[in-house]
Visitor: 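Provided herewith is a single structure, encoded as structure tokens, for subsequent inquiry.
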Amino acid sequence: MSETSMADAAALRVEKAGPLATLQDAGRFGVRRMGVTQGGPADLHAFAWANYLLGNDWGAAGLEITLGGLTLVAERDLCLALCGADLSATLDGEPLAPWQAFTLHKGQRLAFGIPRAGVRGYLAVPGGFKGSPVLGSLSCVTREGLGGHSDAGTPLAEGECLRIDAGALADASAGEARAVPMEERLDYLAPAVLGLIPGAQIADFTGPSLFRAFHAEWRVDARADRMGVRLTGPRLECRLDGMISEGIALGAVQVPPDGQPIALLNDRQTVGGYPRLGTLTPLACARLAQCQPGQTVHLAPIALGAAQSDYRRFIAALQA
Amino acid sequence: MRLPRLENAGVDAWLVRLFDTIDEANMPWLMALCRGCEDAFGTALVDLVPSYTTLLVHYDATQLSAGEARARLANILADLRPNEEAAAGAIKEVPVWYDESVGPELERLMVATGLDRQALIELHAGHEYRVFALGFAPGFAFMGSLDERLAMPRLDTPRQRVPAGSVAVAGRQTSAYPRQSPGGWNLIGRTPLRLFDQHREEQSYLQVGDRVRFKPVDRAEFERLGGDPRPVPATQEVRP
């Protein structure tokens with residue numbers, strides 16, 4: 001269990017755990033040469049806006065709630081922010097919409113039901129949740145057994161408590177003046193267009209395959225998790241068979257011999273050896289992480305400069 | 001060395017491709033490139049992933065534009081000299097208990113090579129291996145190159161649970177599983193070492209560039225060193 005200092009205070013108790021709820025911060029960096037993955041929020045966009053609502057750094061540790069099913073009880077009065085998927089949240093039985101800050105009084109229940117739109121909801125607290133960082137990060141990677149509230153990579157379990165900095169309670173009204181701009185409150189049920197920066201092996205795919213890659217409707221497969229999301233559609237053919245394993249960036253879209261692309265997300269393995277169409281932008285990764293199995297997505301080529309400008313604008317808006 | 005190539009890997013990463021084939025002689029160049037990036041990028045460096053022939057350089061896109069990052073890499077490459085000192089690599093010893101109970105594929109190797117048990121062990125332990133990359137799991141080192149006679153394809157059906165410490169071969173590579181995980185490599189023995197420990201100062205026992213020697217030990221020594229001698233489960237779970 002994580003060490004707790006006098007300054008930490010119990011904030012939320014898990015009454016019902018649900019399928020998967022994990023602590024995430026900006027991610028684990030400088031460690032990939034040891035085979036340790038990046039971690040961090042699968043939907044950077046919603047995660048960061050939740051922190052913004054409370055005046056936190058965008059990377060402060062928050063809760064990633066996958067597919068709902070979680071019930072939390074407040075151990076004290078709290079100001080919280082919820083962004084991302086609509087997981088049928090209720091506050092003491094009353095519906096609670098995402099993309100807002102709200103107050104949860106001691107003893108009140110925050111419950112998540114079934115996903116109505118999107119897959120992952122993000123819950124932020126003032127100053128971020130507290131715990132013992134592993135390799136510089138609180139991000140929970142279950143496959144590696146690293147990080148999270150327990151520091152052993154375990155998801156939230158019934159009866160456990162999430163802790164916050166007791167001093168941060170004083171800032172509970174910080175979120176009142178802040179709002180997420182309307183255009184940032186994404187409709188996750190709408191067809192997604194994912195920006196993809198073409199990569200070095202793009203010319204090794206056959207012409208018809210390239211046409212299909214950027215014109216087909218791709219269906220999000222049920223084989224989708226924090227490691228990656230498989231897309232099904234027309235078969236893409238690449239003239240390269242396999243490659244010598246090399247470092248894999250966030251959002252890399254690899255195409256194994258079955259011709260069905262896999263977009264690699266936060267918990268991907270650090271190296272891999274399949275040819276790649278290119279790399280999804282960070283915001284495209286975030287959008288894909290909110291697609292339910294069966295939803296359709298389009299891949300749209302985007303120039304590196306434009307993608308980098310989008311990313312910088314996004315980060316700058318959070319710091320405004 | 002071929003002309004290096006800089007390949008885009010997203011809004012905040014470049015992949016530097018230095019070579020086209022796996023070779024120990026690549027390592028001094030890759031180590032030098034790692035050092036060069038640490039010096040040239042400073043706080044704008046987010047992560048480095050060296051592997052066999054390439055280096056993935058992940059930088060902070062709020063500090064540097066893609067063009068600026070590319071220019072820095074081009075500068076490093078213009079003056080790149082193999083770093084023999086860094087590339088000499090630390091010598092690491094990995095004790096291994098070679099036994100059918102913890103290395104069920106020893107038998108498969110005996111049949112395939114016609115070598116007896118002792119000859120197989122001598123062949124695997126008699127060579128110094130280089131760590132080319134870490135990946136698959138924290139602390140999992142891809143080491144080469146294995147004697148051609150020991151090169152075996154992966155198992156047709158991967159195991160659901162490979163016990164921690166399992167020493168394995170696949171193709172012309174060898175490795176050891178730091179923790180229990182699924183895996184398709186051929187198991188030939190087990191090390192008592194904890195290859196990855198998040199609470200240790202050097203979390204991963206093996207690092208890219210290290211030179212590794214496997215040292216045969218008997219069961220008593222394996223257990224004295226803290227090894228878990230429970231055999232690899234014979235029956236594999238079937239995925240639902």
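Labels below follow one simple rule: chain letters A, B, ... track the order of the sequence lines, proteins then strands, and each chain is numbered from 1.
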Visitor: Given heavy-atom pairs under 4.5 angstrom as the criterion, report whether the side chain, backbone, both or neither of A/Thr270 touches chain B.
Guide: both
Visitor: Does A/Tyr274, at its OH atom, have more than 12 non-hydrogen atoms belonging to other residues, nucleotides or ligands within less than 6.0 Å?
Guide: no
Visitor: Does any backbone or side-chain atom of B/Ala137 lie under 4.5 Å from a heavy atom of chain A? Answer side chain, backbone, both or neither.
Guide: backbone
Visitor: Heavy-atom distance under 4.5 Å to chain B: side chain of A/Phe29, backbone, both or neither?
Guide: both
Visitor: To the nearest 0.5 Å, how far apart are CG in B/Leu56 and CZ in A/Arg33?
Guide: 12.0 Å
Visitor: Please round to the nearest 0.5 Å and tell me the distance separating atom CG of B/Asp12 and atom CD of A/Gln308.
Guide: 8.0 Å
Visitor: Grab the two heavy atoms, one from B/Pro138 and one from A/Val36, that are nearest each other, plus how far apart they are.
Guide: CB-CG2, 3.7 Å
Visitor: Please classify the contact of B/Val208 with chain A as side chain, backbone, both or neither, using a heavy-atom distance under 4.5 Å.
Guide: side chain
Visitor: So what's closer than 4.5 Å to chain A heavy atoms on B/Gln63: side chain, backbone, both or neither?
Guide: backbone
Visitor: Counting heavy-atom pairs under 4.5 Å with chain A, which one of B/Gln207, B/Glu7, B/Gln198, B/His199 comes out on top?
Guide: B/Gln198
Visitor: So which of A/Ile244, A/Val271, A/Val31, A/Ile315 has the biggest tally of heavy-atom pairs under 4.5 Å with chain B?
Guide: A/Ile244
Visitor: Would you mind telling me which of B/Ser204, B/Ala13, B/Ala66 has the largest number of heavy-atom pairs within less than 4.5 Å of chain A?
Guide: B/Ala66
Visitor: Give, as side chain, backbone, both or neither, the part of A/Ile302 having an atom under 4.5 angstrom from any heavy atom of chain B.
Guide: neither
Visitor: Minimum heavy-atom separation for B/Tyr52 to A/Ser245, with atom names?
Guide: CD1-O, 3.5 Å
Visitor: Would the distance check show the side chain of B/Asn8 and the main-chain N or O of A/Gly199 forming a donor-acceptor pair, the cut-off being under 3.5 Å?
Guide: no
Visitor: Counting neighbours of CZ on B/Arg230 that are heavy atoms of other residues, nucleotides or ligands and sit closer than 6.0 Å, is the number greater than 12?
Guide: no
Visitor: With a sphere of 6.0 Å drawn around CZ of B/Arg194, does it hold more than 12 non-hydrogen atoms of other residues, nucleotides or ligands?
Guide: no
Visitor: If you count the non-hydrogen atoms of other residues, nucleotides and ligands that lie under 6.0 Å from CG in A/Asp57, is the total more than 12?
Guide: no
Visitor: Tell me whether the count of non-hydrogen atoms from other residues, nucleotides or ligands lying under 6.0 Å of CD in A/Glu183 goes above 12.
Guide: yes
Visitor: Counting heavy-atom pairs under 4.5 Å with chain B, which one of A/Val141, A/Thr279, A/Leu196, A/Thr37 comes out on top?
Guide: A/Thr279
Visitor: Please look at B/Ile22 and chain A and tell me whether the side chain, the backbone, both or neither of the residue comes under 4.5 angstrom of a heavy atom of that chain.
Guide: both
Visitor: Please look at A/Ala307 and chain B and tell me whether the side chain, the backbone, both or neither of the residue comes under 4.5 angstrom of a heavy atom of that chain.
Guide: both
Visitor: Looking at B/Asp47, B/Leu48, B/Leu55, B/Leu134, which has the largest count of heavy-atom pairs under 4.5 Å with chain A?
Guide: B/Asp47
Visitor: Which pair of non-hydrogen atoms, one from B/Val49 and one from A/Gly247, has the smallest distance, and what is that distance?
Guide: CG1-CA, 3.8 Å
Visitor: How about CD on B/Glu148, more than 12 heavy atoms from neighbouring residues, nucleotides or ligands closer than 6.0 Å, or not?
Guide: no
Visitor: Rounded to the nearest 0.5 Å, what separates atom CZ in A/Arg312 from atom OG in B/Ser65?
Guide: 6.0 Å
Visitor: If you round to the nearest 0.5 Å, how far is CZ of B/Phe196 from CD of A/Glu144?
Guide: 7.5 Å
Visitor: Is B/Leu6 close to chain A through its backbone or its side chain, or both, or neither, when contacts mean heavy atoms under 4.5 Å?
Guide: neither
Visitor: Does any backbone or side-chain atom of B/Thr62 lie under 4.5 Å from a heavy atom of chain A? Answer side chain, backbone, both or neither.
Guide: both
Visitor: Measuring heavy-atom distances to chain B, does A/Arg143 have an atom under 4.5 Å in its side chain, in its backbone, in both, or in neither?
Guide: both
